[in-house]
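Heads up: the structure comes next, in structure tokens.
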Amino acid sequence: MMLILLLQVQVLIPNSGAVTCGESDMLAAMDAAIEEGVDVLSISIGAQPTPFYDDLVAIGAFAAMQNGIFVSYSAGNSGPLNGTLENEEPWILTVGASTVDRKVTATVKLGNAALLDGESLFQPKDFPETLLPLVYPGMSGNQDAMFCDTPGSLNQTDVKGKVVI
């Protein structure tokens, strides 16, 4: 027998014609869901991207993940432009819609010969088969480089010919 628990929590509040939501309200709702023992949190609310350590909702999603709860968020409605993805924490599944009705598969071959399928519209015919090294600019401790969010933030990191994480 399967038990399905549907827990609906309203955290949006009408405010002068707009709908608002406090992070503390969302965090309280997530805590309640964790305490109720849900298996899945599906959240369709987003805001401007914030560093993980300053985002209470990201911290709440991390707590849910630590309790074995699958967390899914909406990708937002600001795209499709660079930097418009919302809810990009690596411990959640971010789900977004697409205006393209086709699957354009791109396969990545890792150094251990594992193949990972993804999607990309970038499909060069002359892409070399040589393996590229990975580089994480955040290792320098420079926050701008970590988030690649200002012009020139990668100038102090050797990224040429590498995959930037």
Here the gap from Asp31 atom CG to Met26 atom CE, rounded to the nearest 0.5 Å, amounts to 11.5 Å

Contacts of Val95 meeting side chain to side chain contact (heavy atoms under 4.5 Å, CB included) (sequence neighbours excluded), chain-then-number -> Ser72, Leu93

For Gln66, does the CD atom sit with more than 12 other heavy atoms under 6.0 Å from it, leaving out its own atoms?
-> yes

dist Met65:CE -> Leu41:CG (nearest 0.5 Å) comes out at 12.5 Å

Ile34, Leu56: one ILVMFWY side-chain cluster at the under-4.5 Å cut-off? no

Closest non-hydrogen atoms of Gly161 and Pro133, given as atom of the first, atom of the second and distance, are O-CD, 3.7 Å

Side chain to side chain contact (heavy atoms under 4.5 Å, CB included) filter on Ala61, not counting sequence neighbours, yields Met30, Val71, Tyr73, Trp91, Ile92

Donor-acceptor contacts under 3.5 Å from residues 106-114 side chains, at least two apart:
residue	atom	partner	partner atom	Å
Thr107	OG1	Asp117	OD1	2.6
Asn112	OD1	Ala114	N	3.0

From CA spacing to verdict: side-chain contact (heavy atoms from CB on, under 4.5 Å), Val38, Ile69
CA-CA 7 Å; Val38 301; Ile69 299 170; 4.1 Å; yes

